[in-house]
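Lettering follows sequence order; numbering is per chain, from 1. All of these numbers come straight from a predicted model, not from anything done at the bench.
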Protein chains: 2
Amino acid sequence: MKKIKVLKKQILQRKGDLYSKSYKVESGLLRSYTIDEKGKEHIFMFGPEGWIVTDYVSPNEPCELYIDALEDSVIVAIEKTSSQDIDLKKFIKRIRVLQNRVIMLMSATASDRYEHFISTYPNIIQRVPQHMIASYLGITPEALSSLKSQRLRSKQ
Amino acid sequence: MKKIKVLKKQILQRKGDLYSKSYKVESGLLRSYTIDEKGKEHIFMFGPEGWIVTDYVSPNEPCELYIDALEDSVIVAIEKTSSQDIDLKKFIKRIRVLQNRVIMLMSATASDRYEHFISTYPNIIQRVPQHMIASYLGITPEALSSLKSQRLRSKQ
DNA sequence: TATATGCATTAATGTAGATTAAGAAATCTA
DNA sequence: TAGATTTCTTAATCTACATTAATGCATATA
């Protein structure tokens, strides 16, 4: 149970790393993401205070995701092998989130996905740049920008 | 451990059901899917022989997915509460599959997703109608059809 | 303080895939 | 066997979002 201070932009884990850990966020904000063949980043998850950010791979498999800090943060690194923290309900919850994400990507418009995002994670929006929200939603920053101004216009 | 015979089109589980089980496929083919607000089906998973098809919700939560049989099948229903079958590696594997699906939906074209599908599940293609493959890929049957003929043309 | 770098917005143009519609082929069912 | 139903294909049109590019602003760095 070691508490670690990390600075904004610090990378905790890279794709391909072995012996990856889980990171419990005490304060600050982490994210996990991939980089595709075209060099484009795709954000999987934002991890604010209280969340656990991890790449769900078995302890000794090479990991799939990058994890870095979006703000200066204090985190606790947890060994994946220590079984006391393997909470099956967390796994199930994560699967449901991912299932839901797949449904959203297949059936909802970018606009719907944005509405869903701001109602689910209202506190995240102020803390991360727009292009990262776009990356999470699976659209370009430009598309998000015009989507937002349409939204404003239609509300007033 | 009860072995059940189910006929094609038989529904094993509906969204909202409580006390859902896991289904191990001995022979035949199952699928899990959702129906969105517009009434459109989205297939999550095809489950041929040897696979376990389940909705990853906690034993007593209402489930999210429909599960039905695409072929006459023989299956074994497994209680979720029986902890002997809770294999963490299976959960992790499922999460990775879903993670990968999210990446694919966000970064790959329909054509890339189709190529990926046929190389990952080559045996499924002959067994299910095209519109279900399309549903799995997140495109319309028409889009899949034209995509296939383009593919043929470019190969010969 | 000046200059570079990152970020958000807007507009024009392009394109993947949706929608609609119609017809042919295959499969089911009476 | 005949009609109904499901499946697949093709083609025309439409639209959501990508791409490209230009501009303004904020933040970082020398």
Closest to side chain of A:A110, choosing from D:dA21, C:dT19, D:dC17 = D:dC17
ask   = What is the distance from CG of B:L137 to P of C:dG17, rounded to the nearest Å?
value = 11 Å
message = Under 4.0 Å between a side-chain nitrogen and a carboxylate oxygen: does that hold for A:K9 and A:D68?
response = no
request  = Grab the CD-C1' distance between B:Q150 and C:dA16 for me, whole Å please.
outcome  = 10 Å
task = Taking only the side-chain nitrogens and oxygens of A:S146, find out if one of them lies under 4.0 Å from OP1 or OP2 of C:dT9.
result = no
inquiry  = Measuring from the side chain of B:I139 (C-beta onward, heavy atoms only), which nucleotide among C:dT9, D:dT9, C:dA18 has the closest atom?
reply    = C:dA18
Straight-line distance of A:S107 OG to B:I35 CD1, nearest 0.5 Å = 12.0 Å
ask   = Considering only C:dC7, D:dA11, C:dT10, which nucleotide approaches the side chain of B:E142 most closely?
value = D:dA11
task = Output yes when at least one side-chain N/O atom of B:T140 is less than 4.0 Å from OP1 or OP2 of C:dT19, else no.
result = no
request  = Over 60° means perpendicular and under 30° means parallel, so classify the ring planes of B:Y136 and B:F117, tilted if in between.
outcome  = tilted
task = Taking atom CZ of B:R14 as the centre, report whether more than 12 heavy atoms of other residues, nucleotides or ligands fall under 6.0 Å from it.
result = no
query = In terms of the nearest nucleotide of DNA chain C, which residue is placed more toward the 5' end: A:L144 or B:K40?
reply = A:L144
remark   = Ranking C:dA11, C:dG17, D:dC8 by distance to the side chain of B:R113, first place goes to C:dG17
key: Short side-chain N/O contact from A:T109 to OP1 or OP2 of D:dA16, under 4.0 Å   = no
Residue pair A:L70 / A:M132, side-chain heavy-atom distance below 4.5 Å = yes
task = Respond yes when some side-chain nitrogen or oxygen of A:H131 is under 4.0 Å from OP1 or OP2 of C:dG6, and no when none is.
result = no
ask   = Of all the nucleotides listed (D:dT9, D:dT7, C:dT10), which has the minimum atom distance to the side chain of A:S149?
value = C:dT10
ask   = Of all the choices, C:dT9, D:dC8, C:dG17, which nucleotide is nearest to the side chain of B:A143 once you look at every atom?
value = C:dG17
key: Upstream residue (5' side of DNA chain D) when A:S111 and B:S145 are each assigned their closest nucleotide   = B:S145
